[in-house]
A.B. asks: 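Below you'll find the structure I mean.
Residue indices begin at 1 and follow the sequence shown.
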Amino acid sequence: MPESTHRAADASPAPPIDEVIRAHGDALERVAWGYVDNAPDRDDLMQEILLALWRALPRFRGESSLRTFSLRVAHNRAITFVTRHRRFEDLPDDGRLPDPAPLAEERLIQEQHRDQLFRAIRRLPEAQRQAVMLQLEGLSQREIAELQETSETNVGVRLTRARKALRALLAGEKA
């Protein structure tokens with residue numbers, strides 16, 4: 001089933017969880033990385049996201065695409081996870097490096113840039129962070145507005161403010 005199609009309200013039951021994971025697992029993992037900053041927390045959050053998705057699938061009514069539905073469940077679970085696991089201060093990085101491989105230096109630079117971006121995204125207010133993460137997943141402003149239960153105009157404002165804040169945050173890290 002193409003991602004952009006919507007299921008009719010009287011359609012067959014929601015697809016099995018393994019099919020959803022195959023189709024949208026990478027996006028769900030990126031959502032998790034947008035809310036946590038280490039692999040153990042990401043693993044815990046992914047487990048919670050997949051469990052929440054498994055529980056929510058029977059309630060999927062086809063009012064949006066399965067991808068949109070899955071991302072909404074993931075973001076909602078991530079917000080709950082972060083709220084429950086809120087830290088009062090950042091812990092220092094443990095300095096682990098990826099396994100050596102061809103072009104390891106280039107990969108390390110890319111990972112550092114990605115990590116800087118995710119650190120900056122995590123510092124955004126919740127609504128802006130969610131809008132940015134959904135846009136990075138390729139959702140349109142209309143789809144983001146639907147997920148955030150707001151107007152497309154409001155999503156545009158959130159994204160504009162988020163881009164401005166991210167520029168400032170990333171510029172501050174380079175200084």
Side-chain angles (χ1 to χ4, degrees), residues 21 24-53 56 64-65 67-99 103-175:
I21 292 169
H24 307 295
D26 290 343
L28 297 173
E29 192 163 333
R30 286 188 296 270
V31 168
W33 272 119
Y35 286 89
V36 297
D37 61 0
N38 61 67
D41 282 350
R42 193 276 328 267
D43 292 344
D44 291 345
L45 178 53
M46 278 301 297
Q47 184 173 4
E48 289 192 26
I49 287 171
L50 294 175
L51 181 61
L53 191 55
S64 63
S65 70
R67 180 174 187 241
T68 300
F69 177 82
S70 300
L71 289 172
R72 177 178 224 158
V73 170
H75 277 281
N76 289 341
R77 180 54 56 193
I79 289 166
T80 302
F81 182 89
V82 169
T83 301
R84 279 196 334 252
H85 295 89
R86 185 167 288 149
R87 294 190 180 117
F88 295 101
E89 61 183 66
D90 288 338
L91 297 174
D93 288 340
D94 60 2
R96 287 186 275 171
L97 296 176
D99 292 336
L103 307 173
E105 185 175 329
E106 288 178 27
R107 200 171 88 212
L108 180 60
I109 291 169
Q110 288 176 340
E111 288 177 9
Q112 287 172 341
H113 289 323
R114 186 197 68 226
D115 291 345
Q116 286 175 331
L117 177 62
F118 277 120
R119 269 195 307 275
I121 289 171
R122 281 190 293 272
R123 293 178 64 189
L124 294 173
E126 189 175 295
Q128 290 179 15
R129 175 179 26 181
Q130 186 179 35
V132 167
M133 292 300 297
L134 291 170
Q135 187 178 51
L136 289 174
E137 288 303 326
L139 271 66
S140 68
Q141 285 191 11
R142 181 187 55 75
E143 292 170 312
I144 296 170
E146 191 178 301
L147 272 168
Q148 291 189 323
E149 297 176 344
T150 190
S151 68
E152 286 183 58
T153 302
N154 194 324
V155 170
V157 169
R158 288 175 181 176
L159 290 171
T160 299
R161 289 179 180 168
R163 279 191 289 272
K164 183 178 179 183
L166 287 171
R167 279 189 211 102
L169 288 168
L170 292 171
E173 282 191 17
K174 291 178 184 175

A.B. asks: Work out which heavy atom in Leu45 is nearest to a heavy atom in Ala78; give both atom names and the distance.
C.D. replies: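 Reported closest heavy-atom pair: CD1-CA, 3.7 Å.
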A.B. asks: Using a 4.5 Å cut-off on heavy atoms from C-beta on, say whether the side chain of Val73 contacts that of Leu28.
C.D. replies: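 Sidechains of Val73 and Leu28: no contact.
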A.B. asks: Show the nearest heavy-atom pair for residues Arg129 and Gly34, with the distance to one decimal.
C.D. replies: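 Where Arg129 meets Gly34 most closely, the heavy atoms are CD-O, 3.8 Å.
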A.B. asks: So if I apply the side chain to side chain contact (heavy atoms under 4.5 Å, CB included) rule between Tyr35 and each of Gln130, Arg122, Arg77, which one comes out positive?
C.D. replies: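 Answer to the side chain to side chain contact (heavy atoms under 4.5 Å, CB included) test with Tyr35 among Gln130, Arg122, Arg77: Gln130.
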A.B. asks: Quick one: OG1 on Thr150 to CD1 on Ile144, what's the gap to the nearest 0.5 Å?
C.D. replies: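 So the gap between those two atoms works out to 11.5 Å.
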A.B. asks: Testing the basics here: between Trp33 and Phe118, what is the closest heavy-atom pair and its distance to 0.1 Å?
C.D. replies: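 Result for this residue pair: O-CD2, 3.8 Å.
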A.B. asks: Please check: side-chain N/O of Arg72 versus main-chain N/O of Leu147, any donor-acceptor pairing under 3.5 Å?
C.D. replies: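 Yes: the side chain of Arg72 pairs with the backbone of Leu147.
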A.B. asks: Starting at CD of Glu29, measure out to NE2 of His24 and round the result to the nearest 0.5 Å.
C.D. replies: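 Going from the CD atom of Glu29 to the NE2 atom of His24 covers 15.0 Å.
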A.B. asks: Walk me through whether Arg119 and Asp37 qualify under side-chain contact (heavy atoms from CB on, under 4.5 Å).
C.D. replies: CA-CA 7 Å; Arg119 269 195 307 275; Asp37 61 0; 5.6 Å; no
A.B. asks: Of all heavy-atom pairs between Leu169 and Ala120, which one has the smallest distance, and what is that distance?
C.D. replies: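 For Leu169 and Ala120, the tightest heavy-atom pair comes out as CD1-O, 3.5 Å.
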A.B. asks: First locate atom CG of Asn76, then atom CG of Leu53, and finally report the distance between them rounded to the nearest 0.5 Å.
C.D. replies: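 Rounded to the nearest 0.5 Å, the CG-CG separation comes out at 11.5 Å.
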A.B. asks: So if I apply the side chain to side chain contact (heavy atoms under 4.5 Å, CB included) rule between Met133 and each of Leu139, Leu124, Ile121, which one comes out positive?
C.D. replies: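 Among the candidates, only Ile121 passes.
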A.B. asks: In this structure, are over 12 heavy atoms from other groups packed under 6.0 Å from Arg30 atom CZ?
C.D. replies: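 Check passes, neighbour count above 12.
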A.B. asks: In Å and rounded to the nearest 0.5 Å, what is the CG to CG distance from Leu134 to Leu71?
C.D. replies: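 Between atom CG of Leu134 and atom CG of Leu71 there are 6.0 Å.
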A.B. asks: Can you tell me how far the CD1 atom of Ile79 sits from the CD atom of Glu126, to the nearest 0.5 Å?
C.D. replies: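 Reported to 0.5 Å precision, the distance equals 4.0 Å.
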A.B. asks: Taking all non-hydrogen atoms of both residues, which atom of Ala131 and which atom of Arg158 are closest, and how far apart?
C.D. replies: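 The answer is CB-CB, 4.4 Å.
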A.B. asks: Donor-acceptor check, side chain of Glu143 to backbone of Ser140, threshold 3.5 angstrom: yes or no?
C.D. replies: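 A pair under 3.5 Å: yes.
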A.B. asks: List the atom of Leu159, the atom of Val132, and the distance in Å for their closest heavy-atom pair.
C.D. replies: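 Heavy atoms only, the tightest pair is CD2-N, 3.8 Å.
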A.B. asks: Measuring from Ile49:CD1 to Phe81:CZ, what's the distance to the nearest 0.5 Å?
C.D. replies: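 With rounding to 0.5 Å, CD1 (Ile49) is 9.0 Å from CZ (Phe81).
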